[in-house]
**Q** 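Structure provided below as structure tokens; questions to follow.
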Amino acid sequence: MTEADGDTTEAAGGGRRIAVLGEMLELGDEAVEAHREIGRFAAESGVDLVVAVGGDLAKQLALAAGAAGVPDIAMVSDNATAAAYLESILRPGDAVLVKASRGGQLWQIAQALTGQPVTGL
């Protein structure tokens, strides 16, 4: 996410900037701080809502995002719950970024939101 340019989080038509962020796998000893860093980066990037998907590492990301100033935070345990939550709150003009390690399969959320069949690995 830190390599994304500034246009990535800009919502068209004045909508909200929503980042759906899952856990980054295989980071070893750096994992907790790396997740916190991404939470802070979301705040610095002007994200309006972070939806953190996963377990303890996603919780660290969410806590850091909230502490750094992201106005709205949601924590969900799985992709199906994330997709259902997003479907219930999305409005026209919202921009949604979905990002995680491949192992988190967050593409399933994007598929669900765009009406595609949801696939696994």
**Q** What's the shortest heavy-atom distance between A62 and M75, and which atoms?
**A** CB-SD, 4.3 Å
**Q** Does a side chain donor of either Q108 or Q105 reach within less than 3.5 Å of an acceptor in the other side chain?
**A** yes
**Q** Can you give me the closest heavy-atom contact between A43 and G69, atom names plus distance?
**A** CB-N, 4.1 Å
**Q** If you look at every heavy atom in G104 and L25, which pair is closest and at what distance?
**A** N-CD1, 4.4 Å
**Q** Looking at every heavy atom in both P71 and V47, which two are closest together, and how far apart are they?
**A** CD-O, 3.6 Å
**Q** Indicate the atoms forming the closest heavy-atom contact of E87 with A112, along with that distance.
**A** OE2-O, 3.4 Å
**Q** What do the steps show when you test N79 against L106 for side chain to side chain contact (heavy atoms under 4.5 Å, CB included), and what is the final call?
**A** CA-CA 6 Å; N79 295 344; L106 263 62; 3.4 Å; yes
**Q** Can you see which heavy atom on A34 is nearest to which on L27, and at what distance?
**A** CB-CD1, 3.7 Å
**Q** Between E23 (side chain) and G55 (backbone), is there a donor-acceptor pair under 3.5 Å?
**A** yes
**Q** Find out whether V53 and T81 are in side-chain contact, i.e. whether some heavy atom of one side chain is under 4.5 Å from a heavy atom of the other.
**A** no
**Q** Output the distance between atom CG (L61) and atom CD (E37), rounded to the nearest 0.5 Å.
**A** 10.5 Å
**Q** With a 3.5 Å cut-off and no angle check, do the side chains of T119 and Q111 form a donor-acceptor pair?
**A** yes
**Q** Taking it one step at a time, do V76 and D78 satisfy side chain to side chain contact (heavy atoms under 4.5 Å, CB included)?
**A** CA-CA 6 Å; V76 299; D78 58 70; over 6 Å; no
**Q** Hey, what do you get for CD1 (I89) to CG (L49), rounding to the nearest 0.5 Å?
**A** 5.0 Å
**Q** Would you indicate whether D72, at its atom CG, is surrounded by more than 12 heavy atoms from other residues, nucleotides or ligands within a distance under 6.0 Å?
**A** yes
**Q** Flag the pair V20 / V50 as yes when at least one side-chain heavy-atom distance between them is below 4.5 Å, and no otherwise.
**A** no
**Q** Taking R40 first and then E33, would you say they form a salt bridge - that is, a charged N and a carboxylate O separated by under 4.0 Å?
**A** yes
**Q** Are side-chain heavy atoms of L90 and I18 found at a separation under 4.5 Å?
**A** yes
**Q** Taking side chain as C-beta onward, heavy atoms only, is V98 less than 4.5 Å from W107?
**A** no
**Q** Are the side chain of T114 and the backbone N or O of A110 linked by a donor-acceptor pair below 3.5 Å?
**A** yes
**Q** Linking Ile, Leu, Val, Met, Phe, Trp and Tyr by side-chain heavy atoms under 4.5 Å, what else ends up with V32?
**A** L57
**Q** Measuring from H35:NE2 to L21:CG, what's the distance to the nearest 0.5 Å?
**A** 9.5 Å
**Q** State, yes or no, whether a side-chain contact exists between D48 and V70 at a heavy-atom distance under 4.5 Å.
**A** no
**Q** Once you round to the nearest 0.5 Å, how far does CD1 of I38 lie from CD of E44?
**A** 10.0 Å
